[in-house]
Amino acid sequence: MDCNKRTCSWDRISELPDEILVSILSLLTLKEAARTSILSSRWRHVWKFFMGTMLFHYDEWQINWPQLVTQINQIITLHRGMSIEGFTIVLFENVYSVEDIDYWIEFVAKKRVNRFHLIFGHKNTNCPPDAFTRIRFRPLSVNWNFESLKVVSLCRVNLIGGVKANVAMNDLLSNSPNLEQLYLHYLVGLSELLVPSSCFKLKELSVVRCYGLKKLGIFAQSIKAFHCTGVDRDIEIKGLHQIPYLRFGDRRNKWRTLSDLMAHLYRILPMCQLEKLSLDIWKLKQQNPLDVKQFGLPKLNYLQLTIAPRKGGDEMLSWMYLLEAAPFLHTLEIVFCWKDGFIQGLATFDMHMMQLNQGVKVVRVEQFLGLSSVDTRVVKTLIKYVKLLEKLTIVPYKNSATSELPTLTDEMKKQMNDSIAQLCDKGFLPTGVELVIEKDLDG
């Protein structure tokens, strides 16, 4: 073809069919896709058929809340596509209330959204409940279809509207038969939650600090993992007959002993069916062995414990009685939480009633600081009492990017490295035990 460079350099991408252009734009962020509208008249309306995740994150948009709401509503109005992958709003600042929630939920229904996330408030989870963003959930329209929803998460939200808000939340679940993951974190105003049997694909349910939640009915039989933290002590949980993995925690010290906690868990949950268990045990004590007939964990093969050394000399070894309740336990993971600072000693715990463990093969210790009378003592005790140990993994303490955890000084870092070196000394571990030190890849 006889033509000059200018006439031959046409935009080949623009000649692609609309369906392909939309697929390409859907791989970008929503903001990037919208910017293509200024390229030419050919591109002006393509982004309006965007099929990816509509992510409205403050870090990307960098505008205040009223401006962001205006932008969200304009985009919703302009969108012409049949469906989108996700609709997500993440705003880490205090917003008193959201008036457009009905409009957004209607959009989620009409556009066959797969993932729906509303995350408000400060990243600091100590934010008081009265500072949560107020959302008025109204009864859903019978014309709204949520069959495409697979993931729903609400975080730091105050559901206002009383009974109507509870009905609306439960209606949302009843009309989401393909829901696979449900995360309700830091909610106020939800007093009764019903997870119906119609959610027959639900695999993961997470209920974290839903203040005021009194009744929780879990009738979905497909749940594989249940995270329950910070719920009221008198909560009524019914319908859940089998669950492989439970993560449970409460850091407000509602239970004085390990037996008290286990009695509570056995009252509300099918504990004997557990295969994996994660517990936050911050200040629990136990003077005598657990009643393994009453609190047995016959199917448990993985146990994770988050323990927090506290000032005042608390002991941190009585949790080992849990090992006796799980005869087939294979993996034990200990996570130290140092939110209360680096303490230098623990109260002495009488180990004379503790039996040797003949089941655990793998032990993992995270946030290891190497304090001789604290976490190092715990590691040494485990080495002594876990007789068939095959592998010990140590994950050293890592300074947090936030202010939630204390900063490791140079002196403490040296002490930690010295303690790790001691673990590596020949003869410290029994013959045949593999020691793995997981170093921080960034540091």
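Here Phe226 and Tyr245 keep their ring centres 6.0 angstrom or further from each other.
When all heavy atoms of Ile101 and Arg136 are compared, the closest pair comes out as CG2-O, 3.4 Å. Among all heavy-atom pairs drawn from Trp61 and Leu55, the shortest one is NE1-O, 3.1 Å. Ile235 and Ile268 get closest at one heavy-atom pair: O-CG2, 4.0 Å. Considering all non-hydrogen atoms of both residues, Ile437 and Cys424 come closest at CG1-SG, 4.3 Å. Counting all heavy atoms, side chain and backbone alike, Ile84 lies closest to His79 at CG2-NE2, 3.5 Å. Closest heavy-atom contact between Leu202 and Val195: CD2-CG1, 3.5 Å.
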Verdict with reasoning, Asn301 to Thr331, per side-chain hydrogen bond (donor to acceptor under 3.5 Å, both in side chains): CA-CA 6 Å; Asn301 59 59; Thr331 301; over 6 Å; no
Side chain to side chain contact (heavy atoms under 4.5 Å, CB included) assessment of Ile119 paired with Leu91: CA-CA 6 Å; Ile119 302 173; Leu91 189 72; over 6 Å; no
Audit row: Tyr321, Trp319, ring pair (Phe, Tyr, Trp, His ring centres under 6.0 Å) steps and yes/no: CA-CA 5 Å; Tyr321 284 128; Trp319 55 263; over 10 Å; no
Gln221 vs His241, side chain to side chain contact (heavy atoms under 4.5 Å, CB included): CA-CA, chis, key distance, verdict: CA-CA 8 Å; Gln221 299 302 309; His241 300 295; 4.1 Å; yes
Criterion side-chain hydrogen bond (donor to acceptor under 3.5 Å, both in side chains) on Thr257 and Asp260, from CA distance to verdict: CA-CA 5 Å; Thr257 68; Asp260 290 342; 3.2 Å; yes
Stepwise ring pair (Phe, Tyr, Trp, His ring centres under 6.0 Å) test for Tyr397 and Phe342: CA-CA 11 Å; Tyr397 182 85; Phe342 302 134; 5.4 Å; yes
Derivation and outcome, side chain to side chain contact (heavy atoms under 4.5 Å, CB included), residues Val207 and Tyr183: CA-CA 6 Å; Val207 180; Tyr183 304 100; over 6 Å; no
Audit row: Lys414, Asp410, salt bridge (charged side-chain N to carboxylate O under 4.0 Å, His left out) steps and yes/no: CA-CA 6 Å; Lys414 181 180 182 304; Asp410 291 339; over 6 Å; no
Worked check of salt bridge (charged side-chain N to carboxylate O under 4.0 Å, His left out) between Arg115 and Glu85: CA-CA 6 Å; Arg115 300 173 181 272; Glu85 172 64 25; 3.4 Å; yes
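Once rounded to the nearest 0.5 Å, the distance linking OG1 of Thr29 with CE of Met54 reads 12.0 Å. If you take CG on Asn357 and CG on Leu332, they are separated by 8.5 Å, rounding to the nearest 0.5 Å. Leu300 contributes atom CG, which lies 8.5 Å from atom CG of Leu322 (distance to the nearest 0.5 angstrom). Within the model, atoms CG of Leu213 and CG of Leu187 stand 9.0 Å from one another, a figure rounded to the nearest 0.5 Å. Separating the CG atom in Leu382 from the CG atom in Leu392 is a distance of 8.5 Å, to the nearest 0.5 Å. In this structure, the separation between CD1 on Ile135 and CG on Asp102 is 10.0 Å, given to the nearest 0.5 Å.
Between Tyr211 and Tyr186, the two ring planes are tilted [angle within 30° to 60°]. The aromatic rings of His264 and Phe248 sit tilted relative to each other, their planes meeting at an angle between 30° and 60°. Ring-plane geometry between Phe116 and Phe87 is classed as tilted, the angle between the planes lying from 30 to 60 degrees on a 0 to 90 degree scale.
In the displayed structure, Gln358 atom CD is contacted under 6.0 Å by more than 12 heavy atoms of other residues, nucleotides or ligands. The 12-atom threshold is exceeded at NZ of Lys361, counting heavy atoms of other residues, nucleotides or ligands nearer than 6.0 Å. Remark: Arg112 CZ is loosely packed, at most 12 non-hydrogen atoms of other residues, nucleotides or ligands lying under 6.0 Å away. Enclosure of atom CZ in Phe328 is not indicated, since only 12 or fewer non-hydrogen atoms of other residues, nucleotides or ligands lie within 6.0 angstrom. In Lys31, the NZ atom is crowded: over 12 heavy atoms of neighbouring residues, nucleotides or ligands sit closer than 6.0 Å.
Under a 3.5 Å cut-off, the side chain of Gln304 and the backbone N or O of Ile334 do not form any donor-acceptor pair. Between the side chain of Asn114 and the main chain of Leu149, no donor-acceptor pair closer than 3.5 Å is present. Under the 3.5 Å distance criterion, the side-chain polar atoms of Glu236 are left unmatched by any main-chain donor or acceptor of Lys214. Remark: side-chain polar atoms of Ser26 are not paired, donor with acceptor, to backbone N or O of Phe50 under 3.5 angstrom. Distance alone, capped at 3.5 Å, places no donor-acceptor pair between the Asp375 side chain and the Phe368 backbone.
Two residues are said to be in side-chain contact when any heavy atoms from C-beta on lie closer than 4.5 Å; Asn175 and Asn145 fail this criterion. Within the 4.5 Å cutoff, side-chain heavy atoms of Ser259 are placed close to those of Leu290.
By the 6.0 Å and 45° rule, Lys110 does not stack over the aromatic ring of Trp144.
Neither side chain, Lys150 nor Asn178, offers a donor N or O lying under 3.5 Å from an acceptor on the other. Side-chain atoms of Ser141 and Glu106 form no donor-acceptor pair, as typed in the model, at a separation below 3.5 Å. Lys299 and Gln273 are linked by a side-chain donor-acceptor pair at a separation below 3.5 angstrom, with hydrogens and angles left out of the test. Judged by distance alone, the side chains of Thr133 and Asn158 never bring a donor and an acceptor atom under 3.5 Å apart. A donor-acceptor pair shorter than 3.5 Å can be found between the side chains of Asp100 and Asn73. Of the N and O atoms on the side chains of Glu204 and Ser206, not one donor lies less than 3.5 Å from an acceptor on the other residue.
For Glu438 and Arg364, the salt-bridge test passes: some basic side-chain N is under 4.0 Å from an acidic carboxylate O.
Exactly one of Thr70, Asn64, Val69 qualifies for a side chain to side chain contact (heavy atoms under 4.5 Å, CB included) with Gln67. That residue is Asn64.
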